[in-house]
Amino acid sequence: MAEAPFGLLAELTHRCPLQCGYCSNPVELVRRDAELSTEDWLRVFDQARALGALQIHLSGGEPLLRPDLPELVAHANSLGCYVNLVTSGVGLSRDRLRDLASRGVDHVQLSLQDATRAGNDRIAGIKAFDRKVQAASFVREEGLPLTVNTVLHRQNLDNIAGLIAMAEEMGAERLELANTQYYGWALRNRAVLLPTRAQLAHAGPVVAAAQDRLRGRMEIVYVIADYHEAHPKPCMYGWGARQLTVAPNGDVLPCPAATVISSLRIENVREASLHDIWYSSPSFNAFRGFDWMQDPCRSCPRKEVDFGGCRCQAFQLTGDAAATDPVCSLSPDRSTVDLILATEMAPAEVPAMAMRKMR
Amino acid sequence: MTPVVALDAVPRIRRGVKCTYDQIRAAHVVLFPEGVLVLNETAASVVSLCDGTRSVGDIALALGDEYDGVEPEDIAGLVARLVDRRVVDVDG
Ligand code: SF4
Ligand code: SF4
């Protein structure tokens, strides 16, 4: 039997003032009138805690757009959970943060699109940079720990040193530099986002040097650009092993990107309990453990480390969610990825970024 | 690489780290931005004494009253792992 989950990623809304072209939300965004009510969320938190979740990540979209956020924070806190606010910083005034902190936010995760105002605001699609810098200063004033999150891609990788300096200036204790994962929006914009080998070769040592220099002050987590690697990145701690995601409409996802696997039947908190979904649903059990694997993963020792890579990527690039992640050099489909690299990494004509928006 | 922690080092729970008891797992846990650590009884006692005033040696002494065979080196090793997981800081 599966173990109890440690965390709940609560995507309170898909609404967001920013329009990043690599957004991890699905291309089909949930509209406001389909969002869970406050009562629904309170019940979801209760069920998540009863199931074993100890961390609640309040995310979106932009969670600050939910007027009931203070109530949700207080409830998550009253359950004894660690409350993490994942925000763009837009809308985070000093008073709002003070109120949220007093209700039990333990940690703030702030997105940063690029190192400079111009770069940041171009990627975000709105003027957000100054508000982010301000939000960071409020977090510091409030004495809360801060993680800065940046998604890396061809448009900002050359500014890696500036990004690190910016996070330092913002007073972050952690910096997550995650190369883009290509699902949904990012898949659409892949030809604009795929980094070049030269960019990655430049960034790697800069990050390593900063990790050394800042040890004990700011932890830097670097997530690889998997298309360029010989092995995939690990899928969390395995599918349905540590965390569950609840989407704004109550869909319960084994992984935040799981809606891309259209063959997966997704359950909803309006129809079943988190307990039943976590332990008994076909979607959570689909890729648990190792029995679902085919070769080469089935007989590969690395399966304990990477769990065969990403299910969402396998589905998107091969049509089979149980296939070996095609970025793996042992995958029979690696040529698909190589072809993408050859054609999209340096396209003759770079398309315009499709900005994220609700339809 | 796990850092080496001296016996006179003074560990302190990091800012933003929460220690609590989980009824569901019937265990003490440490909650922090990047994850959850489920503690055994000894580790839970050590964590509760990482208050920024006691040294590793002091903690070993305090625990010696409660448990048999507590070696200061074991406590130092445990604290080193907690430093590695960014649960505690040490000064001194
Ligand atoms: S399936 Fe892919 S996107 Fe989902 S958690 Fe695993 S690695 Fe991440
Ligand atoms: S064959 Fe499968 S398990 Fe082995 S490295 Fe590749 S993806 Fe990982």
Side-chain angles (χ1 to χ4, degrees), chain A residues 3-8 46-57 76-86 101 104-110 139-140 142-149 171-176 211-212 215-221 236-237 241-243 274-275 278, chain B residues 1-41 43-48 50-53 55-56 76-92:
Chain A
E3 278 183 47
F6 284 102
L8 166 71
D46 287 339
Q47 292 184 1
R49 179 70 272 267
L51 193 51
L54 285 161
Q55 279 183 313
I56 296 188
H57 307 278
N77 178 264
S78 75
L79 293 170
C81 287
Y82 194 88
V83 184
N84 181 21
L85 178 67
V86 185
V105 166
D106 291 300
H107 175 255
V108 177
Q109 213 165 309
L110 183 66
V139 174
R140 237 184 0 243
E142 214 46 57
L144 289 176
L146 174 71
T147 294
V148 168
N149 273 62
E173 299 190 350
R174 285 177 81 232
L175 169 62
E176 278 184 25
Q211 281 170 329
D212 251 10
R215 193 173 306 283
R217 272 185 292 152
M218 184 172 86
E219 185 196 22
I220 305 179
V221 181
M236 307 176 280
Y237 292 88
R242 291 279 182 102
Q243 181 168 296
L274 283 188
H275 182 278
W278 177 262
Chain B
M1 188 191 64
T2 304
V4 180
V5 172
L7 295 186
D8 61 356
V10 178
R12 174 199 298 272
I13 302 286
R14 280 181 75 101
R15 193 159 63 105
V17 173
K18 246 162 89 167
C19 303
T20 165
Y21 184 78
D22 178 15
Q23 264 108 5
I24 307 293
R25 292 180 178 78
H28 289 275
V29 290
V30 179
L31 314 180
F32 50 116
E34 47 278 76
V36 175
L37 220 56
V38 181
L39 303 174
N40 63 25
E41 208 188 322
S45 306
V46 172
V47 167
S48 71
C50 291
D51 57 6
T53 64
S55 69
V56 170
L78 186 67
V79 170
R81 286 203 297 280
L82 293 168
V83 170
D84 201 39
R85 295 296 302 268
R86 295 173 53 86
V87 169
V88 305
D89 272 338
V90 289
D91 20 270

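Note on naming: letters A, B, ... go to the chains in the order of the sequence lines (proteins, then strands), and numbering restarts at 1 for each one.
Both the backbone and the side chain of A:Glu219 come within less than 4.5 Å of a heavy atom of chain B. Neither the backbone nor the side chain of A:Arg242 comes within contact range of chain B; no heavy atoms are under 4.5 Å apart. Heavy atoms of A:Leu144 lying under 4.5 Å from chain B belong exclusively to its backbone.
Other residues, nucleotides and ligands place more than 12 heavy atoms under 6.0 Å from the OH atom of B:Tyr21. Within a 6.0 Å sphere centred on CZ of B:Arg85, other residues, nucleotides and ligands contribute 12 heavy atoms or fewer.
The greatest number of non-hydrogen atom pairs below 4.5 Å with chain A, out of B:Gly16, B:Gly35, B:Pro33, is found for B:Pro33. Note: B:Asp22 leads B:Asp89, B:Asp22, B:Thr20 in heavy-atom pairs under 4.5 Å with chain A. Comparing A:Glu176, A:Gln243, A:His107, A:Gln109 by heavy-atom pairs within less than 4.5 Å of chain B, the highest count is held by A:His107.
A heavy-atom distance below 4.5 Å is not found between the side chains of B:Val36 and A:Tyr82.
Distance alone, capped at 3.5 Å, places no donor-acceptor pair between the B:Lys18 side chain and the A:Gly80 backbone. With hydrogens and angles disregarded, a donor-acceptor distance shorter than 3.5 Å links the side chain of A:Gln55 to the backbone of B:Phe32.
Separating the CZ atom in A:Arg174 from the CD atom in B:Glu34 is a distance of 4.0 Å, to the nearest 0.5 Å.
With salt bridges taken as basic N to acidic carboxylate O contacts below 4.0 Å, one links A:Glu173 and B:Arg15.
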